[in-house]
Every structure is written in structure tokens, then in C-alpha cells.
Amino acid sequence: MTTLPLRIALRYLFSRKSYHVINMISGIGAAGMAIGTAALVVILSVFNGFDSLVSQSLTDAHPDLVIKPATGKVFRPDSLSWLVEEPSIVRLSSVLEDQAFLSCDGKQGLVLVKGVDLAAEEESPLKAHMIDGVWQLHRGDRAMAVAGAGLAAQLGLNPRFLAPLELHYPSRTEAISLANPAASLRSVKLGLAGVLSVSSELDAKLLVVPIGTVRELLGYETEVSALEIWAAPEQAQALQKALQERLGTHFRVLDRYQQNASVYKMMRYEKLAIFLILIFVVLIIAFNIYSSLRMLVIEKEADIATLRSMGATDSLVRRIFRLEGWLVSLVGIVIGLVLGVALVLLQQQLGLVPMPGNFIVDAYPVVLRASDLLWTVAGVALIGYLMALLPTRKI
């Protein structure tokens, strides 16, 4: 008895209808569900691809863990010398950063000055993101700087120009003179060694310089604003927990997600918004299934009367037509799923759709995730079930 509604629904699904328009509308509904499902799979995979590119850029620009003071901007790292002996730490570097005023050849702007030590200068993954000049923070006795691409474009900075960079920062120890505010500024001069590109956010403000230069500019001696830690990927989470327990409430140990929480949240919200928009489009397309099922119920009134005379209950009749409507959706889902996965795999292997302009990749990046497939199938199947449920309530 349990398979009877399904058998009858399958017969209705593939049988020729008296009115060809019913077959046509059902076909349009199934095709719409297939296209909507494939579009969800492909577009979500493209979002995953761009997310992976952004995450890779953030991986190079930000360490696995960062130790920052819980209060204030800087701290003395002397009490944390034991970190050097921690076996889980692959590399440790000191950072001192703050906002400063940059002027060069008559152009000015605010920048994020990031001072790094010799360890970071020699082994920084930012080296791989150089697009002009060289990664070099010392040239003999002269301090050098590397600027973000957006900042360089805004201020017209070029490593081949000889004009020096001048950084200015208000003195922390002297009162600001209202008569001559410029006299209260501390200043340092640097050369420009190169330009790098990591992400649009960092590129617009980042200026990497030696940590000694930043200390001279800000008036510090040994203070740092953060300690950056690189660890083995499988040990980063456990190391974060262990360090936070040992350091207590005086320091914060941030993983890569916490360092860029706003960026990761924005990417998730954008992906969710696209998913909801496409689901709404599928919902509109699914009204074809609603229409075809309503017409099928009208056409099969004689069959319904026959089934009732043979002892079928109203709930059994409703189940038959609900299954028939849902089967139309499932056919579309299966076709769309196969089509979407095939397109994603072809894009991964062959790069069918190239990226326009000069980009870091030649073709649109795509990453297929099982969770996206599950959410797509669940969302589209739920819409199909609702479209099959509504027109059968009054049978």
C-alpha cells in the first residue's frame, strides 16, 4: 500500500496527458528547477573560489597567531622571551604598527606603517606578492619601505624615483604648539624599494618598514604592538589555547579568523545573499509546477472518482498528486545537480571562462563543496515540495 501512490504518480509523470499544455508546463517547471539548481551550484562554487583566493592572500599577509595587549597599544616583549623555546612555534617576529602621515614629492596621505624585525624581513611571505621593485627594507645604512599597490597608485609612488618618503607622527612626549604645529612632529625619511599587492584593503594603506624606523618615529625603545607567530597548521588551534591560558587576561591571542573577522563575515554574508536571491528565483520558476499540477488534478477527476470507488481515501489521493508534483522537481534537481557539478569540474580542469583584464588567475576560480550541494538540494527540494503541497490541499 505504501508504494501504490508512488507507482501511480510515476505513471502520471511519464504518461501522455490529454492536454499537451500540461506536459509543456511540467517540462518548463522541471527545466526551470534544473537551471536554478545548476546556477546555484556554479555560482556558489565561484564564490568559494574567490573566497579561497582572498583567504590565501590573508594567509600570506597575516600570521597563524598574533599576541596583542588586552589594553593599550604597545607592550615590552621582554617577559615573553620564553616563546622562542616553544617547540610548536615555527617562526616568531616582532611588529610595531600605527597610523602615520606620509608625504612624497608634494603628495600626502595617511598610511598604516608596519614595522617588522629582521626575521620577518628575511622570511616574510609578503615577498611572493611583489609586483614592482624588490622586497628590501635595508639598503646599506638607509632604511627602505615597501608600499601597497593602492597606496602607491594614490600617491604616485614608484621604486625607480629618487624622491624620498617622509613619515610624520605627533610627538608623544612634547606638547603640540598651536603657533607652529609642524614643530611638534617627529619625522623620518626612507627610500621606496618596491610595491606589493595582497588585497584591496591592505594595498590602499600598507607601508612596510624596519621596526627600528617605526620606533624612532613613534618615540619607543623596545616596545612592540604585536608578536606574530607561525605554526604548523595542525597545531595552531591547540597552540592558541595553550598560549592564551599561560598569558592570562593581560594579552589576547588571535587566530587568523579573529584577525580578519570583518572580512570573513562579509564573504559569508555575500554568499548567503546570493543563495537567497537564487532560491527566490527558483521559487518563482517553481510556480510552473503548481500550475501544471492544478491542471493535472482537473484532468484526472475521473481517475480520482475511480480510485475513491475502489476504496482510496482522500489522503491517499492527495499523496499521489503530491508525489507526482514533487517528482517533477526531483527530476529537475537531479539534472541540474549533474549539469552544475559537470560545469564546475570542467572549469577547474580546462578554465572554460577566462577572467577579464589582468588578474592573478587566468580563469574564474571555482571550488566545489559538499555543504553547498546539500544546501542547494535541500532548498530546491523544499520549494518543490511546497509547490506540490499547495494545489492538493483541497482534493
Side-chain angles (χ1 to χ4, degrees), residues 59-100 111-127 135-138 140-146 167-174 185-190 202 206-233 235-261:
T59 298
D60 290 344
H62 299 276
D64 296 313
L65 300 174
V66 166
I67 299 177
K68 290 187 174 183
T71 57
K73 297 172 63 175
V74 297
F75 65 97
R76 291 181 179 270
D78 305 341
S79 59
L80 304 181
S81 57
W82 52 269
L83 289 170
V84 180
E85 302 175 358
E86 180 64 39
S88 301
I89 296 178
V90 177
R91 189 167 79 250
L92 176 69
S93 64
S94 303
V95 171
L96 181 61
E97 61 182 21
D98 206 335
Q99 296 278 350
V111 297
L112 175 65
V113 182
K114 181 174 183 178
V116 299
D117 59 13
L118 289 175
E121 182 178 349
E122 294 174 359
E123 304 179 23
S124 175
L126 292 175
K127 288 181 180 180
W135 173 265
Q136 185 180 37
L137 301 185
H138 289 90
D141 295 334
R142 188 186 185 190
M144 305 297 291
V146 175
L167 286 173
H168 310 280
Y169 191 86
S171 174
R172 298 186 305 106
T173 57
E174 300 176 7
L185 295 177
R186 300 176 67 97
S187 302
V188 295
K189 291 185 177 182
L190 310 97
L202 279 176
L206 182 63
L207 188 72
V208 185
V209 303
I211 192 171
T213 302
V214 183
R215 284 174 175 155
E216 178 185 351
L217 178 67
L218 305 185
Y220 290 121
E221 296 179 358
T222 61
E223 288 86 349
V224 299
S225 56
L227 293 177
E228 296 185 341
I229 296 173
W230 281 263
Q235 298 178 338
Q237 187 174 3
L239 179 61
Q240 179 190 15
K241 184 178 179 180
L243 291 178
Q244 189 64 75
E245 290 178 354
R246 183 165 180 178
L247 294 172
T249 59
H250 299 293
F251 294 92
R252 294 181 299 150
V253 183
L254 308 178
D255 60 17
R256 190 170 285 124
Y257 174 83
Q258 292 167 329
Q259 297 170 48
N260 306 279

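Hydrogens, waters and symmetry mates play no part in the numbers below; they use all other heavy atoms, side chains included.
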- Task: Kindly determine whether Val66 and Val95 satisfy side-chain contact (heavy atoms from CB on, under 4.5 Å), including the steps that lead there.
- Result: CA-CA 10 Å; Val66 166; Val95 171; over 6 Å; no

- If every non-hydrogen atom of Ser225 is compared with every non-hydrogen atom of Glu97, which pair is closest and at what distance? OG-N, 3.1 Å

- Quick one: list whatever passes side chain to side chain contact (heavy atoms under 4.5 Å, CB included) with Lys73, sequence neighbours left out. Asp98, Tyr169

- Query: His138: what forms a side chain to side chain contact (heavy atoms under 4.5 Å, CB included) with it, not counting sequence neighbours?
  - Reply: Leu118, Glu121, Pro210

- Query: What is the minimum heavy-atom distance between Leu202 and His62, and which atoms define it?
  - Reply: CD1-NE2, 4.0 Å

- Item | Leu92 side chain reached by Ile229 side chain, heavy atoms, under 4.5 Å | yes

- Item | Smallest separation among heavy atoms of Pro69 and Phe75, with atom names | CD-CD2, 3.5 Å

- Message: So, taking the atom named OG in Ser94 and the one named CD1 in Ile67, what distance separates them when rounded to the nearest 0.5 Å?
- Response: 10.0 Å

- Query: Would a distance-only check, ignoring hydrogens and angles, find a side-chain to backbone donor-acceptor pair under 3.5 Å from Arg91 to Ala119?
  - Reply: no

Which pairs would a plain distance check flag for residues 239-250, meaning a side-chain donor or acceptor within less than 3.5 Å of a matching protein atom at least two apart in sequence or in another chain?
from   : atom 1 : to     : atom 2 : distance (Å)
Gln240 : NE2    : Val253 : O      : 3.0
Gln240 : NE2    : Gln258 : OE1    : 3.0
Gln244 : OE1    : Val253 : N      : 2.9
Gln244 : NE2    : Gly248 : O      : 3.0
Gln244 : NE2    : Phe251 : O      : 2.9

- What are the two closest heavy atoms between Met144 and Gln136, and how far apart are they? CB-O, 3.2 Å

- Task: Kindly say whether Glu122 contributes a backbone atom to a donor-acceptor pair with the side chain of Lys127 at under 3.5 angstrom?
- Result: yes

- Message: If we ignore hydrogens and angles and just use 3.5 Å, is the side chain of Arg186 paired with the main-chain N or O of Ser171 as donor and acceptor?
- Response: no

- At their closest point, which heavy atom of Ala236 faces which heavy atom of Leu65, and how far apart are they? O-CD1, 3.9 Å

- Task: Using a 4.5 Å cut-off on heavy atoms from C-beta on, say whether the side chain of Val116 contacts that of Ser124.
- Result: no

- Task: For the residue pair Leu185 and Pro170, establish whether any side-chain heavy-atom pair is separated by less than 4.5 Å.
- Result: yes

- Item | Gap between atom NZ of Lys189 and atom NE2 of His168 - 0.5 Å precision | 9.0 Å

- Look up atom NZ in Lys68 and atom CG in Leu227, then write down how far apart they are to the nearest 0.5 Å. 11.5 Å

- Item | side-chain contact (heavy atoms from CB on, under 4.5 Å) between Asp64 and Gln237, intermediate numbers included | CA-CA 9 Å; Asp64 296 313; Gln237 187 174 3; over 6 Å; no

- Query: With a 4.5 Å heavy-atom cut-off, do Thr213 and Val113 have their side chains touching?
  - Reply: no

- Message: Can you give me the closest heavy-atom contact between Leu112 and Gln99, atom names plus distance?
- Response: N-OE1, 4.3 Å

- Item | Contact check, side chains of Leu167 and Leu207, non-hydrogen atoms, under 4.5 Å | yes

- Task: Could you grab the distance from atom CG of Leu96 to atom CG of Asp117, nearest 0.5 Å is fine?
- Result: 11.0 Å

